[in-house]
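Report on one structure; see the data block that follows.
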Amino acid sequence: MENIKQYDLTQFKDDLKELHIDLNQEQMDQFIQYYELLIEWNSLMNLTAVTDFHEVLKKHFIDSLSLIKAYDLKNKCNGLNLIDVGTGAGFPGIPLKIAFPGLKVTLLDSLKKRINFLNHVIAELELKNIKVIHGRAEDYAKPDKLREKFDLCVSRAVANLSTLSEYCLPYVKKNGKFICYKSEKLADELLYADKAIVVLGGRMEEKIDYKLPFSDIYRNLLVIEKVKNTPLQYPRKAGLPSKEPIHCIKKLK
């Protein structure tokens, strides 16, 4: 890539060092190419409101890689089967794949335009062992599809934790983990989600509060362990998890 040197990567490198992540030159080039593709396609469709180079690196790339605070990706990534539910423009799945190439990554999103973008990024960056699926989370968690096939499910999707748990926990193998990225204060949300997490076969393991490196940007990671299989009636049909989260159901079967 001829134009890489025009970018100031000092802060990005400092942020990576703070996360104890080491990238080679090829990986650094892939992140810049990803940024350029993001901005190019964003002019044609709504992928992100964040477009400044340094903000994208901090708020999307570093934020995605902060998963390392909750999961030992350095030592456990090889062959690890990860699904990113509601991936949008590829966060956190693509940054995780670039930084930890040993991951097997599946990106799931319901919007065809975003799927086209993601496939283009994967081809341009020459990423291997990563695939994109066009569909709703409720539909692909069926027993004949991707149900309980993954060691790790991640999501930065904007939804309450009760709804996200119904979208995500059915994809996780027993003893695997669902890790949810959140930015807001969570006291009420955690209280309501408790019921859903247990019903879906999960157990809240840990809540990690932190700030993105060298910033005042507040974040947290919620780590949910899958302790038993998700009952077959979950996830419910498309639309129900968001319209009527489990904690709103008066009587559970």
Side-chain angles (χ1 to χ4, degrees), residues 1-45 47-84 87-107 109 114-132 151-152 154-156 179 181 210-215 217 219 221:
M1 293 175 58
E2 296 178 0
N3 58 350
I4 280 192
K5 291 184 180 178
Q6 71 178 319
Y7 294 103
D8 180 1
L9 295 174
T10 305
Q11 187 61 63
F12 188 47
K13 290 177 179 178
D14 287 344
D15 289 351
L16 290 167
K17 187 176 181 180
E18 192 74 9
L19 292 177
H20 306 290
I21 295 175
D22 299 314
L23 302 183
N24 60 33
Q25 189 59 52
E26 180 185 3
Q27 291 168 306
M28 296 294 284
D29 291 354
Q30 286 174 321
F31 271 114
I32 291 186
Q33 192 173 8
Y34 184 18
Y35 166 76
E36 291 180 336
L37 291 169
L38 179 70
I39 299 307
E40 177 187 338
W41 281 63
N42 200 58
S43 65
L44 306 172
M45 55 188 286
L47 289 169
T48 176
V50 179
T51 57
D52 174 79
F53 177 68
H54 296 290
E55 286 197 17
V56 169
L57 265 58
K58 178 84 74 175
K59 295 180 179 179
H60 285 323
F61 297 171
I62 292 296
D63 186 36
S64 296
L65 297 178
S66 295
L67 184 73
I68 199 167
K69 291 179 175 289
Y71 202 99
D72 183 13
L73 290 168
K74 278 191 172 182
N75 297 309
K76 297 181 179 179
C77 74
N78 287 338
L80 189 81
N81 206 2
L82 177 150
I83 185 169
D84 177 5
T87 188
F91 310 124
I94 290 180
L96 290 170
K97 177 62 182 177
I98 294 172
F100 304 100
L103 290 172
K104 294 180 180 178
V105 174
T106 298
L107 306 175
D109 200 84
R114 288 196 291 255
I115 296 298
N116 293 338
F117 166 71
L118 296 169
N119 279 320
H120 183 70
V121 170
I122 289 167
E124 289 295 309
L125 272 56
E126 299 182 348
L127 299 175
K128 308 300 181 186
N129 286 325
I130 179 170
K131 63 181 178 179
V132 183
D151 306 297
L152 179 61
V154 293
S155 184
R156 283 176 89 224
I179 302 180
Y181 293 69
Y210 61 98
K211 289 181 180 178
L212 295 182
F214 307 105
S215 80
I217 302 171
R219 293 285 190 265
L221 293 166

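The model shown is predicted, which means the values in this text are computed figures rather than measured ones.
Under the 4.5 Å side-chain criterion, counting only non-hydrogen atoms from C-beta, Leu67 is in contact with Leu152. Considering only heavy atoms from C-beta on, Ile62 stays 4.5 Å or farther from Glu18 through its side chain.
Within a 6.0 Å sphere centred on NZ of Lys74, other residues, nucleotides and ligands contribute more than 12 heavy atoms.
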Distance-only donor-acceptor hits, side chain of residues 47-56, under 3.5 Å, sequence neighbours excluded:
{"residue": "Thr48", "atom": "OG1", "partner": "Val50", "partner atom": "N", "Å": "3.0"}
{"residue": "Thr48", "atom": "OG1", "partner": "Val50", "partner atom": "O", "Å": "3.2"}
{"residue": "Thr48", "atom": "OG1", "partner": "His60", "partner atom": "NE2", "Å": "2.9"}
{"residue": "Asp52", "atom": "OD2", "partner": "His54", "partner atom": "N", "Å": "3.1"}
{"residue": "Asp52", "atom": "OD2", "partner": "Glu55", "partner atom": "N", "Å": "3.1"}
{"residue": "Glu55", "atom": "OE1", "partner": "Lys59", "partner atom": "NZ", "Å": "3.4"}

message: Using side-chain contact (heavy atoms from CB on, under 4.5 Å), reason through Val154 and Tyr71 one step at a time and then give a plain yes or no.
response: CA-CA 11 Å; Val154 293; Tyr71 202 99; over 6 Å; no
message: Using the rule given for side-chain contact (heavy atoms from CB on, under 4.5 Å), can you reason through Val132 versus Asp109, listing the C-alpha separation, both sets of side-chain angles and the distance that settles it, and then say yes or no?
response: CA-CA 8 Å; Val132 183; Asp109 200 84; over 6 Å; no
task: Begin from the C-alpha positions of Leu73 and Ile21 and carry the test side-chain contact (heavy atoms from CB on, under 4.5 Å) through to its verdict.
output: CA-CA 10 Å; Leu73 290 168; Ile21 295 175; over 6 Å; no
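Not a single donor-acceptor pair under 3.5 Å links the side chain of Thr87 to the backbone N or O of Asp84. The main-chain N or O of Lys104 is never found under 3.5 Å from a side-chain atom of Lys131 such that the two would form a donor-acceptor pair.
With rounding to the nearest 0.5 Å, the separation of CZ in Phe100 from CG in Leu65 is 6.5 Å. For the atom pair CG of Asn81 and CG of Asn129, the computed distance is 9.5 Å after rounding to the nearest 0.5 Å. Atoms CG and CD, on Leu37 and Glu124 in that order, are 6.0 Å from each other to the nearest 0.5 Å. Atoms CG and CG, on Asp14 and Leu19 in that order, are 11.5 Å from each other to the nearest 0.5 Å. Interatomic distance, CD of Glu26 versus CG of Asp29, reported as 7.5 Å (0.5 Å rounding). To the nearest 0.5 Å, atom CG of residue Asp15 and atom OG of residue Ser66 are 9.0 Å apart.
Summarising the geometry of Arg114 relative to Met45, their closest heavy-atom pair is N-CE, 3.6 Å, with the distance given to 0.1 Å. Here the closest non-hydrogen pair linking Gln27 and Ile98 is NE2-O, 2.9 Å. The shortest heavy-atom contact between Leu221 and Ile179 is CD2-CG2, 4.1 Å. Heavy-atom minimum distance, Ser64 versus Leu96: O-CD2, 3.7 Å. Between Leu103 and Lys97, the closest heavy-atom pair is O-NZ, 2.6 Å. The nearest pair of heavy atoms linking Pro92 to Tyr181 is CB-OH, 3.4 Å.
Separation of the Tyr34 and Phe61 ring centroids falls under the 6.0 Å cut-off. Between Phe12 and Phe31, the ring center distance clears the sub-6.0 Å criterion.
Partners of Ser43 under the side chain to side chain contact (heavy atoms under 4.5 Å, CB included) rule, at least two apart in sequence or in another chain, do not exist in this structure.
Contact check on Asp151 versus Lys76 returns no salt bridge, with no Lys/Arg side-chain nitrogen under 4.0 Å from an Asp/Glu carboxylate oxygen.
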